[in-house]
2 protein chains.
Amino acid sequence: MLTEERQQIILEQLKIHNIVKLHDLIPLTGASESTLRRDLQDLENCHKLLRIHGGAQNAISLHEEPALSQKATVHLDEKKAIGRTAAGQVRNQEVIFLDSGTTIQFMIPYLIEHKDLLVITNSVDNASMLADYDIETFLPGGKLKSSTKALIGSTMIQTLETYHFDKAFLGTNGFSMDSGYTTPDPEEAAIKTLAMKRSNQTFVLSDSSKYCQVSFSKFADLQDATLITDKLPEKESGLLNKKTKIMEVN
Amino acid sequence: MLTEERQQIILEQLKIHNIVKLHDLIPLTGASESTLRRDLQDLENCHKLLRIHGGAQNAISLHEEPALSQKATVHLDEKKAIGRTAAGQVRNQEVIFLDSGTTIQFMIPYLIEHKDLLVITNSVDNASMLADYDIETFLPGGKLKSSTKALIGSTMIQTLETYHFDKAFLGTNGFSMDSGYTTPDPEEAAIKTLAMKRSNQTFVLSDSSKYCQVSFSKFADLQDATLITDKLPEKESGLLNKKTKIMEVN
DNA sequence: CCAAATTCGTTCAAATTCTTTCAAAAAACT
DNA sequence: AGTTTTTTGAAAGAATTTGAACGAATTTGG
């Protein structure tokens, strides 16, 4: 049995059961425990699944909400490093757009280094934090999306049309060679796209776990922005570099 | 059975029953008491549930008080009562304006009683809380004032000019016979005044400690709004009643 | 208020699972 | 055929999970 075949079987089982035990995979594939462990590890590196003690579970668990406090702390250091690097791109007296999302939020503490900044954001959470750091902030009007606490809708679109930013910093739910940058909500995607259009330069912040993830709405091609992320596997990094400019932190 | 499987079962049971007994989980999962205790502890650490004696309950019970900042707890019971009374004035399908301020915030938990509400607010904190309670919310654009996390400025004014509310609920820093309702920041005062103007009916929420307090900017006369407050001394109450309509709670 | 009954937290040993390492087998290349 | 590279399975020690036991804490019922 080929490697690809085995991994296909594993992913199929996951689609059906959401969780699969390593032991159950042995008779299904005829491979040894060691081999299957290696398969699970490979698949986890591509973020196709999540390893758990005794087996694996779907990477995008149907039951869980996107805000996982468990995982948020796992990627804490990466996000901090990404946030610091992103904030380092900002210059004094610039006007910048900050998207919603936790990764973006990690930029904020490092922004106080810069003087006379004006921040425009569509995120209520970011706004609150910016106020805590006493950074001049403007919110365009909009309808509040309760799940992400981001502002969306036609009012937001119309307002953004009249603005111009030096730099825009966006979050993403996934990025991949084929599909570019994607996010679940088309309304949020529209705002990201527009923010890019109204900005001289765009950065997308994403920890490497979002690599190979694809959501419903594409908001940009890889080459349209500079990706700021933590260390990707050597091979992947090489592939991506042909399509986009990457800043790898750490 | 894997750890994640058990924990999913627990969370599913919680979704259905809102409360689950440890004993009932034993036959459902086939795990021992010890293991299930550990699961409950893990899940509590992730804020997925709340442990109680004998089992666990849902972490986000909508009817429970969310986390409040420390200084807000000064007149806690009074503010709760004021918030409940104020929310009682609202009818289904109305469009209401919520001002910034902690007292106003106490209204929000009671608003879920009403269907098809649309809330407009200039407070980032309120917006965040409204999102938690899944209440449809709209934020007019504006400059963020860092000390109060309220939105102010000309954009806000222009936007409000185009709106119309069924009811407006305002906070105040002081109210007195002579000076009416007052607040420190003229910019915020201007927004309060405008919100009143654009609303069929206005309520000012204030605990009785604000009586006889006078701030810099007056935003309304006493007779322009209905005051919702806790018990005032008999004599004061009589005096005020000649100038304004009062709803005393408790 | 007290006593019995439950429930809770902690500790410990056994069982299972995980990681690492290494050599054999298979595949790919010259 | 011979050599290098990759894949595979096995083994050993580390790490994690599990169930049971026992005293402490809490709830219940008089």
Side-chain angles (χ1 to χ4, degrees), chain A residues 1-14 17-59 61 63-64 68-71 73-78 208-209 231-239, chain B residues 1-14 17-59 61 64:
Chain A
M1 167 145 341
L2 263 46
T3 307
E4 305 295 331
E5 283 184 84
R6 281 196 316 271
Q7 300 195 351
Q8 202 62 43
I9 288 173
I10 295 172
L11 292 177
E12 275 170 24
Q13 287 294 311
L14 267 180
H17 298 112
N18 216 28
I19 281 188
V20 66
K21 298 191 230 320
L22 183 71
H23 264 241
D24 296 345
L25 288 173
I26 296 178
L28 273 170
T29 59
S32 73
E33 200 177 297
S34 295
T35 301
L36 285 166
R37 279 187 203 290
R38 273 185 279 259
D39 284 336
L40 292 187
Q41 196 155 25
D42 288 350
L43 290 170
E44 187 177 41
N45 284 341
C46 301
H47 306 104
K48 301 265 178 63
L49 54 75
L50 220 65
R51 291 189 72 183
I52 56 179
H53 196 92
Q57 71 179 16
N58 249 321
S61 183
H63 303 275
E64 305 219 7
L68 298 164
S69 41
Q70 275 177 313
K71 286 184 85 176
T73 50
V74 172
H75 297 288
L76 186 76
D77 290 334
E78 288 89 339
S208 60
S209 74
K231 207 70 190 162
L232 292 164
E234 192 72 33
K235 195 169 53 180
E236 319 290 352
S237 188
L239 284 171
Chain B
M1 164 125 12
L2 264 44
T3 307
E4 273 68 15
E5 286 184 87
R6 282 195 316 271
Q7 299 193 352
Q8 272 192 15
I9 288 173
I10 295 172
L11 292 178
E12 276 168 24
Q13 286 294 310
L14 267 180
H17 298 111
N18 222 26
I19 278 191
V20 66
K21 294 195 243 303
L22 182 74
H23 249 86
D24 297 343
L25 288 174
I26 296 177
L28 272 170
T29 59
S32 72
E33 200 178 297
S34 296
T35 301
L36 285 166
R37 278 187 206 292
R38 272 186 282 256
D39 285 336
L40 292 186
Q41 194 158 19
D42 287 350
L43 290 170
E44 187 176 42
N45 286 341
C46 306
H47 308 287
K48 300 268 178 64
L49 55 73
L50 222 65
R51 291 188 72 182
I52 54 178
H53 196 89
Q57 70 180 19
N58 248 323
S61 182
E64 296 244 345

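Hydrogens, waters and symmetry mates are skipped; everything else that's a heavy atom, side chains included, is used. In this text, all values refer to a predicted model and were calculated from it rather than measured experimentally.
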[X] [atom1] to [N] [atom2]: how many Å, rounded?
X       : N      : atom1 : atom2 : value
B:Arg37 : D:dA21 : CZ    : C1'   : 13 Å
A:Asp39 : D:dG9  : CG    : P     : 10 Å
A:His53 : D:dT18 : NE2   : P     : 7 Å
B:Asp42 : C:dG9  : CG    : P     : 13 Å

**Study point:** Under-4.0 Å side-chain N/O to phosphate OP1/OP2 contact, A:Thr35 with D:dG9
**Key:** yes
Check your understanding: Given C:dT6, is OP1 or OP2 found less than 4.0 Å from the side-chain N or O atoms of B:His23?
Key -> no
Which nucleotide in [options] has an atom nearest any side-chain atom of [X]:
X       : options                : result
A:Ser34 : C:dC18, D:dG19, D:dA11 : D:dA11
A:Thr3  : C:dC8, D:dT18, D:dT7   : D:dT7
B:Arg6  : C:dT7, D:dT18, D:dG9   : D:dT18
A:Arg51 : D:dA20, C:dT17, C:dC18 : C:dC18

Review point. Reckon B:Ile52 touches a base, only the sugar-phosphate, or nothing at all at heavy-atom distances under 4.0 Å?
Key: sugar-phosphate
Check your understanding: Taking it one step at a time, do A:Asp24 and A:Gln13 satisfy side chain to side chain contact (heavy atoms under 4.5 Å, CB included)?
Key -> CA-CA 10 Å; A:Asp24 296 345; A:Gln13 287 294 311; over 6 Å; no
Review point. Is there a donor-acceptor contact under 3.5 Å from the side chain of A:Glu44 to the main chain of A:Arg51?
Key: yes
**Study point:** B:Leu14 side, atom CG; B:Ile9 side, atom CD1 - distance, nearest 0.5 Å
**Key:** 12.5 Å
**Study point:** Distance-only donor-acceptor test (3.5 Å): side chain A:Arg38, base D:dG9
**Key:** yes
Check your understanding: Which atom names give the shortest non-hydrogen contact between A:His53 and B:Leu2, and what distance separates them?
Key -> O-CG, 3.6 Å
